[in-house]
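Since the structure comes first, as structure tokens, the remarks are kept for the end.
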Amino acid sequence: VRIITSCRTSEKNAFMKIERNYQIHTYEISELTRAEQLAIANKYSIIKKMLGFNSYSELLKSPFYVNLIVTKVSNIDDISDENELREYIWQHVICLNDNEIMKVVESIVFTRARDFSLGVNCREYDTKIIEELISEDILVRNGATVRLKYDIFEDICFEQYLDTEFSKC
């Protein structure tokens, strides 16, 4: 029996106690090589198109982003660079094209950051929105708390908020 856990390389220290007590096999997922990107591009035309633009070169090294693009982005023609892609992910993937959902997501992210907590109490939010975000793999629930499923989603939330505030200046 093997238990699979996942963390960023920088957070690996959180597993030190487990590593001392059990036989742990570390498996790191590295950035995609150019050959791997080309193999993916042969199967997915959207990746093939994106490989033609230098503005996506770093992003397409990430298995997370490649998977997100292949599963959630239908047309890259209106997205010209990484910043626009992250804005697209914010609007269409994380917030599901809904301003009320956007407010809930921002509140969850900002409350969690302010309180240095692992999650926020889901009862403070509309149950229908929480359940929709969980079903769309945007949120994860741990008991009575929720958080965004991926740190990258939280990063995008902060970026969008800061971009909005900066544009007001």
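Index from 1, following the sequence.
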Requested in this report: Take atom CG of Asn99 as the centre, draw a 6.0 Å sphere, and report whether it contains more than 12 heavy atoms from other residues, nucleotides or ligands.
Outcome: no
Report task. With side-chain contact (heavy atoms from CB on, under 4.5 Å) as the test, would you mind laying out the steps for Gln37 and Ile47 before giving the verdict? Result -> CA-CA 8 Å; Gln37 292 174 17; Ile47 300 299; 5.6 Å; no
Query raised in the report: Counting only heavy atoms not in Leu162, do more than 12 sit closer than 6.0 Å to its CG atom?
Result: yes
**Report entry** Rounded distance [0.5 Å steps], CG in Asn67 versus OG in Ser62
**Finding:** 9.5 Å
Query - Atom CG of Asn54: over 12 foreign heavy atoms under 6.0 Å - result: no
**Report entry** Within 6.0 Å of CG in Asn142, more than 12 heavy atoms from elsewhere
**Finding:** no
Query raised in the report: Considering all heavy atoms of both residues, which atom of Arg123 and which atom of Ala144 are nearest to each other, and what is their separation?
Result: NH2-CB, 3.3 Å
Report task. Could you check if a side-chain atom of Tyr65 sits within less than 4.5 angstrom of a side-chain atom of Ile89, using non-hydrogen atoms only? Result -> yes
Query raised in the report: Going hydrophobic residue to hydrophobic residue with side-chain gaps under 4.5 angstrom, can you get from Val140 over to Phe110?
Result: no
Requested in this report: Evaluate the side-chain contact (heavy atoms from CB on, under 4.5 Å) criterion for residues Val105 and Trp90: first the C-alpha distance (whole Å), next the side-chain angles of each, then the deciding distance (0.1 Å), finally the verdict.
Outcome: CA-CA 10 Å; Val105 170; Trp90 171 246; 3.8 Å; yes
Query - Electrostatic pair Glu106-Lys103, nearest N-O below 4.0 angstrom - result: no
**Report entry** Backbone of Thr164 reached by a side-chain donor or acceptor of Ser167 within 3.5 Å
**Finding:** yes
Query raised in the report: Mind checking whether Leu68 and Val70 sit in one hydrophobic cluster, side chains of I, L, V, M, F, W, Y counted as touching below 4.5 Å?
Result: yes
Requested in this report: Return the minimal non-hydrogen interatomic distance between Pro63 and Ser30, and the atom names on each side.
Outcome: CG-O, 4.0 Å
Query raised in the report: Do you know the tightest heavy-atom contact between Val146 and Cys122?
Result: CG1-CB, 3.8 Å
Query raised in the report: Atom CD1 in Ile94, atom NZ in Lys72: separation rounded to 0.5 Å?
Result: 11.0 Å
Requested in this report: Please report the shortest heavy-atom distance between Ile46 and Val73, naming the atom on each side.
Outcome: CD1-O, 3.3 Å
Report task. Decide yes or no for Asp126 and Val104: does some side-chain heavy atom of the first lie under 4.5 Å from some side-chain heavy atom of the second? Result -> no
Query raised in the report: Do Ile79 and Tyr56 come within less than 4.5 Å of each other through their side chains, counting heavy atoms only?
Result: yes
Query raised in the report: Are the side chains of Leu59 and Leu85 in touch, meaning some heavy atoms are under 4.5 Å apart?
Result: yes
Report task. Apply side-chain contact (heavy atoms from CB on, under 4.5 Å) to Lys61 and Val66, showing your working. Result -> CA-CA 8 Å; Lys61 291 178 182 177; Val66 170; over 6 Å; no
Query raised in the report: Are any of the side-chain heavy atoms of Asn83 and Glu159 separated by less than 4.5 Å?
Result: no
Report task. Hey, could you give me the CG/CD1 distance between Asp163 and Ile156, rounded to the nearest 0.5 Å? Result -> 11.5 Å
Query - Parallel, tilted or perpendicular: ring planes of Phe153 versus Phe64, cut at 30 and 60 degrees - result: perpendicular
Query raised in the report: Can you check side-chain contact (heavy atoms from CB on, under 4.5 Å) on Glu132 and Leu96, steps first, answer last?
Result: CA-CA 9 Å; Glu132 183 174 6; Leu96 307 172; 3.7 Å; yes
Query raised in the report: For the atom pair CG (Leu60) and CD1 (Ile40), what is the distance rounded to the nearest 0.5 Å?
Result: 9.0 Å
Query - Separation of Glu124 CD from Ile108 CD1 (nearest 0.5 Å) - result: 9.5 Å
Requested in this report: Please tell me if the side chains of Met102 and Gln160 come closer than 4.5 Å, counting only heavy atoms from C-beta onward.
Outcome: no
Query raised in the report: Is any side-chain heavy atom of Ile69 less than 4.5 Å from a side-chain heavy atom of Met50?
Result: yes
Query raised in the report: Is there a salt bridge (charged side-chain N to carboxylate O under 4.0 Å, His left out) between Arg86 and Asp155 once you walk through the steps?
Result: CA-CA 10 Å; Arg86 289 170 75 89; Asp155 296 345; 5.1 Å; no
Query raised in the report: What closest approach, in Å, do Ala113 and Phe158 show between heavy atoms, and which atom pair accounts for it?
Result: CB-CZ, 3.7 Å
Report summary line: dist Glu154:CD -> Lys149:NZ (nearest 0.5 Å) comes out at 14.0 Å
Query raised in the report: What pair of heavy atoms forms the shortest contact from Leu51 to Ala41, and how long is it?
Result: CD1-CB, 3.5 Å
Report task. Please tell me if the side chains of Arg141 and Glu131 come closer than 4.5 Å, counting only heavy atoms from C-beta onward. Result -> yes
Query raised in the report: Should the heavy atoms of other residues, nucleotides or ligands under 6.0 Å from OH of Tyr44 be counted, would the total exceed 12?
Result: no
